[in-house]
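For reference, the structure discussed in these notes is given below.
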Amino acid sequence: MAGMQHDLAVLDDPRVEAFGMLLETHNETLNAVTQRLDDTSIPVPWIGVLVRLARTPGHRLRMSELAHSMTMSTSGLTRLVDRLEDAGHVRREPCPDDRRGTWALLTEEGRQRIESLAPGHVQDLGELLGDALSDPQLEQLTTLLRKVRDHIRSLPAR
């Protein structure tokens, strides 16, 4: 039993706690956003794609880039974009410089949908994040999360 105590001591590492807090915070935030979006009848992943495309110059991204930024598999993103396309919010176009590539483009209907949802979504995020953190703290959190994300993306695949 003493050996087991000693073996588990490694779990007291602050990185374990930071990872656990990151997961718990992600789950709580996602659950809260999901509950708030229930009234709008649009799933959270749809919001993610629409926001990402709306914030991108030209309102389009290659499907592979969009999958990467959404941390989804390409097949998962394809199914998601299928549903967004069926709803008229996104359309696909072939990449002129790469016959294998496809663009996901925000349609006018998609732009109008995210435009109508944005004020409530930003208000919800203000309650969830802004009420807990000052503006400088929120900026620092964003900077730190981007730094960790970029570091992880730079690591070689295992």
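Note that this is a predicted model, so its numbers are computed, not measured. Side chains are part of it too, since the values below use all heavy atoms of this structure and drop only hydrogens, waters and symmetry mates.
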Could you check whether any side-chain heavy atom of [X] comes within less than 4.5 Å of a side-chain heavy atom of [Y], counting everything from C-beta outward?
{"X": "E65", "Y": "T56", "value": "no"}
{"X": "L129", "Y": "Q137", "value": "no"}
{"X": "V49", "Y": "L106", "value": "no"}
{"X": "D135", "Y": "E139", "value": "no"}
{"X": "D124", "Y": "V33", "value": "no"}
{"X": "R149", "Y": "T71", "value": "no"}
{"X": "E109", "Y": "R113", "value": "no"}
{"X": "W103", "Y": "R62", "value": "yes"}

ask   = Is there a donor in the side chain of E127 and an acceptor in the side chain of Q123, or the other way round, less than 3.5 Å apart?
value = no

Between atom [atom1] of [X] and atom [atom2] of [Y], what is the distance when rounded to the nearest 0.5 Å?
{"X": "R52", "Y": "L66", "atom1": "CZ", "atom2": "CG", "result": "7.5 Å"}
{"X": "R146", "Y": "R153", "atom1": "CZ", "atom2": "CZ", "result": "10.5 Å"}
{"X": "D150", "Y": "L155", "atom1": "CG", "atom2": "CG", "result": "11.0 Å"}
{"X": "T142", "Y": "K147", "atom1": "OG1", "atom2": "NZ", "result": "14.5 Å"}
{"X": "H26", "Y": "L23", "atom1": "NE2", "atom2": "CG", "result": "8.5 Å"}
{"X": "I42", "Y": "L117", "atom1": "CD1", "atom2": "CG", "result": "5.0 Å"}

Minimal non-hydrogen separation, A67 against S73, with atom names = CB-O, 4.2 Å

ask   = Do you know the tightest heavy-atom contact between L53 and A104?
value = CD2-O, 3.5 Å

Flag yes if [X] and [Y] sit in one hydrophobic cluster, no otherwise; membership is Ile, Leu, Val, Met, Phe, Trp, Tyr, and two members link when side-chain heavy atoms are under 4.5 Å apart.
{"X": "V10", "Y": "L8", "result": "yes"}
{"X": "V16", "Y": "V148", "result": "no"}
{"X": "F19", "Y": "L141", "result": "no"}
{"X": "V122", "Y": "L50", "result": "no"}

task = Would you sort out whether D82 and R92 count as a side chain to side chain contact (heavy atoms under 4.5 Å, CB included), showing the intermediate values?
result = CA-CA 9 Å; D82 286 344; R92 290 185 184 104; 2.7 Å; yes

Is there a donor-acceptor pair closer than 3.5 Å between any side-chain N or O of [X] and the backbone N or O of [Y]?
{"X": "H59", "Y": "L105", "answer": "no"}
{"X": "T25", "Y": "L22", "answer": "no"}
{"X": "T107", "Y": "H89", "answer": "yes"}

message = Is it the case that over 12 heavy atoms from other parts of the model lie below 6.0 angstrom from the CD atom of Q112?
response = yes

ask   = Around E93, counting heavy atoms of other residues, nucleotides and ligands shown, do more than 12 lie under 6.0 Å from its CD?
value = yes

